[in-house]
Amino acid sequence: MRLTLAILALILPPLAAQAEMAPREGWSVTPTTKSYDQLIADVKTAAKTNKMGVVTQAGPTGAAKSRGITIPGNRVIGLFNNVYAVNILNLSTAAMIEAPVRVYVTENADGTATLSYKTPSSVFAPYTEEAGPELATLAQDLDAIFAAISDQATQ
C-alpha cells in the first residue's frame with residue numbers, strides 16, 4: 001500500500017501540471033489553437049496596440065528545463081499603463097499592490113495555449129470600499145482594455 005501511495009505521489013503532480021486552465025469566477029479563460037510561443041508574442045503585440053506596457057514577465061519553464069525537468073509552458077505577463085497607475089494610486093495606496101494586472105499563458109497537452117487573467121474589476125474589487133466608485137470605474141475601463149488585448153491576442 002505504501003509503495004502504491006509513493007508511486008501515485010510521483011505520478012500525480014506531473015499529471016496535474018498538464019491540466020488545462022478551467023473557467024472560474026472573476027477570470028477570463030480563452031483556449032486557442034496557437035502555440036505557446038506564438039500566444040506570448042501576440043499578447044505582447046496586443047498589449048502595445050492597446051497602450052499597455054509589458055511591466056513584468058515570469059515563468060518556471062526555462063528554469064525547470066535547466067534543472068532537467070520538463071513542464072508545460074507557463075508565463076505570467078504583467079501589463080499596465082502609468083496613467084492608470086497614478087490614478088489608482090491617488091485613490092488607494094493599498095490597491096497598487098495589484099498592479100501590474102497579470103495575464104497567464106499556459107501550454108496545453110496538445111501543444112496549443114490558453115490565455116487567462118483575473119479581470120481587473122475582480123482584482124481591484126477589495127479596494128473599492130476604501131477608494132470609492134472611481135476605482136470601480138477605472139477597473140471597468142481596464143476590463144475593456146484587457147478584453148481587447150485578449151480578443152486580439154487569441155484571434
Side-chain H-bond candidate by donor/acceptor type, Y36 with N74, under 3.5 Å | no
Cluster question for you: counting only ILVMFWY and a side-chain heavy-atom cut-off of under 4.5 Å, with indirect links fine, are M52 and V55 together?
-> yes
Report the C-alpha distance between L79 and V54 in whole Å, list the side-chain angles of each, state the deciding distance to 0.1 Å, and finish with yes or no for side-chain contact (heavy atoms from CB on, under 4.5 Å).
-> CA-CA 5 Å; L79 306 175; V54 174; 3.8 Å; yes
Specify the closest pair of heavy atoms between V29 and S116, including all atoms of both residues, with the distance to one decimal.
-> CG1-OG, 3.7 Å
Flag side-chain contact, heavy atom, 4.5 Å: F124 against D143 = no
Do the non-hydrogen side-chain atoms of T112 and P31 ever get within less than 4.5 Å of each other?
-> no
For atom CZ of R24, decide whether the heavy atoms of other residues, nucleotides or ligands shown that lie under 6.0 angstrom number more than 12.
-> yes
Which atom of T30 lies closest to which atom of S150, heavy atoms considered | OG1-OG, 3.8 Å
Is atom CD of E134 surrounded by more than 12 heavy atoms (other residues, nucleotides or ligands) closer than 6.0 Å?
-> no
Would E20 and T106 satisfy side-chain contact (heavy atoms from CB on, under 4.5 Å), going step by step from the backbone distance to the final call?
-> CA-CA 8 Å; E20 294 179 13; T106 51; over 6 Å; no
In the single-linkage hydrophobic clustering (I, L, V, M, F, W, Y; side-chain heavy atoms under 4.5 Å), do L91 and V86 co-cluster?
-> no
Is a side-chain donor or acceptor of S92 paired with a backbone partner of A131 at a separation under 3.5 angstrom?
-> no
Polar contact flag, side-chain donor to acceptor under 3.5 angstrom, S35-D37 | no
Side-chain touch K51/I145, heavy atoms, less than 4.5 angstrom = no
Test item: K118 and E98 side chains (from C-beta on) under 4.5 Å apart, heavy atoms | no
Roughly how far apart are T119 OG1 and E25 CD, rounded to 0.5 Å?
-> 9.5 Å
Side chains of F146 and S28 in contact at under 4.5 Å (non-hydrogen atoms) | no
Does K44 reach the main-chain N or O of I77 with its side chain, forming a donor-acceptor pair under 3.5 Å?
-> no
R102 CZ: over 12 foreign heavy atoms closer than 6.0 Å = no
Do you know the tightest heavy-atom contact between E130 and A94?
-> OE2-CB, 4.1 Å
Under a 4.5 Å side-chain heavy-atom rule over Ile, Leu, Val, Met, Phe, Trp and Tyr, are V101 and Y104 clustered together?
-> no
Interatomic distance, OG1@T33 vs CG@L39, rounded to 0.5 Å, equals 9.5 Å
Go through Q152 and T45 one step at a time and tell me if the side-chain contact (heavy atoms from CB on, under 4.5 Å) criterion holds.
-> CA-CA 9 Å; Q152 182 181 338; T45 299; 4.2 Å; yes
Kindly indicate whether the side chain of L142, heavy atoms from C-beta on, has any atom under 4.5 Å from the side chain of V123.
-> no
Which distance, rounded to the nearest 0.5 Å, do you find between the OH of Y117 and the CE of M21?
-> 12.5 Å
Minimum side-chain heavy-atom gap V103-I149 below 4.5 Å = no
When rounded to the nearest 0.5 angstrom, what distance separates OG in S121 from CG in L138?
-> 12.0 Å
Residue pair Q155 / D151: nearest heavy atoms and the distance that separates them = CG-O, 2.6 Å
Identify whether V76 and W27 are in the same connected component of the hydrophobic contact network (ILVMFWY, side-chain heavy atoms under 4.5 Å).
-> yes
Measuring from N87:CG to N82:CG, what's the distance to the nearest 0.5 Å?
-> 9.0 Å
Report the C-alpha distance between I88 and F80 in whole Å, list the side-chain angles of each, state the deciding distance to 0.1 Å, and finish with yes or no for side-chain contact (heavy atoms from CB on, under 4.5 Å).
-> CA-CA 11 Å; I88 291 170; F80 222 60; 3.8 Å; yes
Please confirm whether the backbone N or O of I71 pairs with a side-chain atom of K65, one donor and one acceptor, at under 3.5 Å?
-> no
Just by distance, do the side chain of N81 and the backbone of V83 share a donor-acceptor pair under 3.5 Å?
-> yes
Check whether any side-chain N or O of T32 sits under 3.5 Å from a backbone N or O of A113 as a donor-acceptor pair, and report yes or no.
-> yes
